[in-house]
Amino acid sequence: MSVLNNSEVKYFLLTGIPGLEHAHIWISIPICFTYLVAILGNCTILFILKTEPSLHEPMYYFLAMLAASDLGLSFSSLPTMLRIFLLNAVTISPDACFVQEFFIHGFTVMESSVLLIMSLDRFLAIHSPLRYSSILTSSRVAKIGIILAFRSLILVLPFPFTLRRLKYCEKNLLSHSYCLHQDIMKLACSDNKINFIYGFFVALCTMLDFSLIVLSYVLILKTVLSIASLAERLKALNTCVSHICAVIIFYVPIITLAAMHRFAKHKSPLVIILIADIFLLVPPLMNPIVYCVKTRQIREKVLGKVVNICIR
């Protein structure tokens, strides 16, 4: 397809799993199941946190923000993923593509920000337990949530507008089952230097979040090692396990993809696509499971609700 400018672009082509197009209908079964469990799990977390007054504490407010970010990621990629694997519909209009990449990147930045503030929350809870409640009041938590949402919006807001100003010539095949900023801008035949620089800046912001999370855990470890009792040390560290799992689940695919693009001499498109799909599918799926398994208060409330429903 050959086009001369942005207004003449009719559609972009999304990619499923190369070489397995004949099996897309079967691949759609685990994908649908993953989305269903992710949406159900995160909605359950939000419902439990809203209806249980005993869980109206800063730690659980931040968990609610994480669940909301996971839901956003799931719903952002859901339409095109299911269209490709269920209906074999691989076309998407440019405007719809720009909107999708805005929401995907926005909720990605939001999740990164929430994971950062959750690490600071754990540091305060361990380092200054007596001042924790006075520092993180409900009003301050609400303000933090608004700031995080505003930061995510402002950081990714230029993406769709800078993409619309580009010219697209001949190439219209995207590399994934959904639209990403870096993937779309590679199709442009006009100068995309601004897009590249700004995309790199947003990526640096995400990596800065990760660096600050690592720094938080260095300080947490330093504080824990100063505790005399081994039992108290283990108890303090146990409160961080769920968050550490969430950080690993979220950042490992991002860092792996970045490393492959930068250092791999012979990159396998299939491997890159699978890792990119893991990045969007696995965190929303695993985060509610991890927090239900590792957080006793949430586990007990969820089991209590399930028992009550079964009795009725």
Side-chain angles (χ1 to χ4, degrees), residues 41-42 45-46 48-50 55-74 76 103-157 201-224 236-255 279 283-284 286-288 290-292 294-295 297-298:
N42 285 290
I45 292 286
L46 289 173
I48 294 295
L49 296 180
K50 178 178 175 58
L55 299 181
H56 291 177
E57 298 177 5
M59 171 184 173
Y60 301 111
Y61 291 145
F62 294 133
L63 177 56
M65 296 178 195
L66 183 66
S69 300
D70 283 334
L71 279 175
L73 274 178
S74 293
S76 297
F103 282 108
I104 288 177
H105 287 292
F107 284 112
T108 298
V109 173
M110 182 68 180
E111 181 141 350
S112 177
S113 304
V114 172
L115 290 172
L116 170 59
I117 203 64
M118 289 176 82
S119 70
L120 298 178
D121 168 76
R122 290 299 83 209
F123 171 70
L124 283 175
I126 293 172
H127 185 265
S128 305
L130 298 179
R131 298 177 56 207
Y132 175 75
S133 298
S134 61
I135 295 174
L136 284 179
T137 61
S138 296
S139 61
R140 284 179 179 168
V141 170
K143 290 177 183 177
I144 289 171
I146 294 172
I147 291 171
L148 295 182
F150 186 72
R151 174 192 185 237
S152 305
L153 174 66
I154 292 300
L155 272 179
V156 303
L157 187 60
F201 168 72
V202 174
L204 280 181
C205 290
T206 304
M207 288 300 102
L208 177 61
D209 290 348
F210 178 69
S211 301
L212 292 175
I213 290 171
V214 173
L215 177 61
S216 297
Y217 273 100
V218 170
L219 297 175
I220 287 172
L221 188 60
K222 182 180 178 182
T223 302
V224 168
L237 288 174
N238 190 54
T239 64
C240 302
V241 171
S242 299
H243 179 258
I244 292 173
C245 291
V247 169
I248 292 173
I249 291 168
F250 180 75
Y251 281 104
V252 165
I254 293 178
I255 295 173
F279 158 65
M286 293 304 299
N287 285 340
V290 168
Y291 274 93
C292 284
K294 295 300 297 181
T295 307
Q297 294 89 334
I298 295 178

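Because the structure is predicted, anything quoted here is derived from the model rather than measured.
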Nearest heavy-atom pair of [X] and [Y]: which atoms, and what distance?
| X | Y | answer |
| --- | --- | --- |
| E111 | N287 | OE2-ND2, 3.3 Å |
| T108 | F250 | O-CZ, 3.5 Å |
| P288 | P284 | CD-O, 3.2 Å |
| D70 | P283 | OD2-O, 3.9 Å |
| S69 | M110 | OG-CG, 3.1 Å |
| R140 | S134 | NH1-O, 3.4 Å |

Is any side-chain heavy atom of [X] less than 4.5 Å from a side-chain heavy atom of [Y]?
| X | Y | result |
| --- | --- | --- |
| H127 | I220 | no |
| I249 | V290 | yes |
| I298 | Y60 | yes |
| L71 | F107 | no |

> Who pairs with S112 by side chain to side chain donor-acceptor pair (under 3.5 Å), at least two apart in sequence or on another chain?
Replying inline: D209, Y251
>> Surrounding CZ of F103 (heavy atoms of other residues, nucleotides or ligands, distance under 6.0 Å), is the total greater than 12?
In response: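 Counting other residues, nucleotides and ligands, CZ of F103 stays at 12 neighbours or fewer.
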[atom2] on [Y] to [atom1] on [X], rounded to 0.5 Å:
| X | Y | atom1 | atom2 | value |
| --- | --- | --- | --- | --- |
| L116 | S216 | CG | OG | 6.5 Å |
| Y217 | I244 | OH | CD1 | 4.5 Å |
| I126 | L219 | CD1 | CG | 11.0 Å |
| S74 | I104 | OG | CD1 | 10.5 Å |
| D121 | Y61 | CG | OH | 12.5 Å |
| E57 | S133 | CD | OG | 7.5 Å |

>> With side chain to side chain contact (heavy atoms under 4.5 Å, CB included) as the criterion, how do M59 and Y132 come out once you've worked through the C-alpha distance, each side chain's angles and the decisive distance to 0.1 Å?
In response: CA-CA 11 Å; M59 171 184 173; Y132 175 75; 4.1 Å; yes
> Should M207 and I254 be marked as a side chain to side chain contact (heavy atoms under 4.5 Å, CB included) after you check the CA-CA gap, both sets of side-chain angles, and the distance that decides it?
Replying inline: CA-CA 10 Å; M207 288 300 102; I254 293 178; 3.9 Å; yes
Is a donor on one side and an acceptor on the other found under 3.5 Å between the side chain of [X] and the backbone of [Y]?
| X | Y | answer |
| --- | --- | --- |
| S119 | I213 | no |
| S128 | L124 | no |
| H56 | K50 | yes |
| H243 | L115 | yes |

>> Using the rule given for side chain to side chain contact (heavy atoms under 4.5 Å, CB included), can you reason through M118 versus L66, listing the C-alpha separation, both sets of side-chain angles and the distance that settles it, and then say yes or no?
In response: CA-CA 9 Å; M118 289 176 82; L66 183 66; 4.2 Å; yes
> What do the steps show when you test C245 against K294 for side chain to side chain contact (heavy atoms under 4.5 Å, CB included), and what is the final call?
Replying inline: CA-CA 10 Å; C245 291; K294 295 300 297 181; 5.7 Å; no
